[in-house]
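The structure appears below as structure tokens.
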Amino acid sequence: MKLAIVYHSAHGHTEYIAHQVLRGAMEVAGVEAHLLKAEDMARAPGKLQAYDGLILGSPTYLGGVSGPFKSFMDATGGLWRTQALKGRLAAGFTVSSLPAGDKQSTLLSMFVFSMQHGMVWVGNPILPEQHSGVPYEHAANRLGSWSGLMAQAGHASPFDAFAPGDIKTARMFGRHFAESLQRMAAATPVAQESPT
Ligand SMILES: Cc1cc2nc3c(=O)[nH]c(=O)nc-3n(C[C@H](O)[C@H](O)[C@H](O)COP(=O)(O)O)c2cc1C
């Protein structure tokens with residue numbers, strides 16, 4: 001099973017989280033994971049057909065995906081017409097500087113995009129660990145987002161901008177997506193050859 005993390009990042013924060021998602025996905029045996037830039041995929045959207053699952057990542061800009069990420073989405077119109085991505089798994093993540101920052105709108109646009117392409121949405125089923133006593137900054141899913149992964153970037157370089165909890169959540173999110181792919185593979189019966 002192959003998955004691609006398709007992301008845009010202007011200043012490296014979304015890219016940093018994309019790497020954490022990749023790391024989590026690669027913990028799952030039998031799953032191959034690749035990082036792809038949205039700008040490159042906008043020029044060659046047909047390459048997405050080689051993947052069983054797509055994880056979409058964009059910074060939140062003014063409550064939505066960034067311009068380059070939207071250009072990537074729009075470049076997939078030809079794939080939409082033939083429903084070439086139908087049945088693949090999809091998920092989304094976003095990074096923004098404010099605790100809320102309207103990140104949910106960004107995830108929703110990725111969700112609707114995935115639905116229009118006939119893909120199957122995978123969420124972020126992690127209970128916020130601060131409820132069980134883990135300090136807030138270290139807690140998985142501390143931002144409480146189930147429809148996709150959210151991370152909050154402080155005003156620092158990408159390596160210093162994230163709470164440990166958000167990094168942990170990104171890895172768990174990547175692992176969960178890869179495990180979902182594995183489950184899908186196990187549940188898909190191999191096509192029987194018709195007797196001749
Ligand atoms: C044009 C623009 C719009 C932004 N809009 C929002 C926003 O709506 N909410 C928010 O919390 N942060 C917003 N930000 C902050 C970015 O989401 C944040 O800096 C993010 O880490 C950028 O990711 P990147 O380093 O991967 O480019 C905005 C930044 C820019 C440049």
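Just so we're clear, the structure is a prediction, and the values are computed from it rather than from any experiment. Along the sequence shown, the residues carry numbers beginning at 1. Note that ligands are numbered from 1 as they come in the structure, with each ligand's atoms numbered from 1 the same way.
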Check your understanding: Is there a donor-acceptor pair closer than 3.5 Å between any side-chain N or O of Gln83 and the backbone N or O of Trp80?
Key -> yes

Practice item. Please lay out, stage by stage, how Glu137 and Arg142 fare under the test side-chain contact (heavy atoms from CB on, under 4.5 Å). Key: CA-CA 7 Å; Glu137 294 288 308; Arg142 69 191 183 107; 3.7 Å; yes

Review point. Is Thr60 reaching over with its side chain to a backbone N or O of Gly63, donor-acceptor style, under 3.5 angstrom?
Key: no

Revision key, fill the gap. Within the 4.0 Å heavy-atom cut-off around ligand 1, the contacting residues, ordered by chain and number, are Ser9, Ala10, His11, Gly12, His13, Thr14, Pro59, Thr60, Tyr61, Leu62, Gly63, Val95, Ser96, Ser97, Leu98, Gly101, Ala153

Exercise for review: Look only at the side chain of Lys2 and the backbone of Gly53, and say whether a donor-acceptor pair between them is shorter than 3.5 Å.
Suggested key: no

Review point. Taking the side chain from Asn124 and the backbone from Leu149, do they hold a donor-acceptor pair closer than 3.5 Å?
Key: no

Point to revise | Lys/Arg N to Asp/Glu carboxylate O, Arg171 vs Glu27, below 4.0 Å | key: no

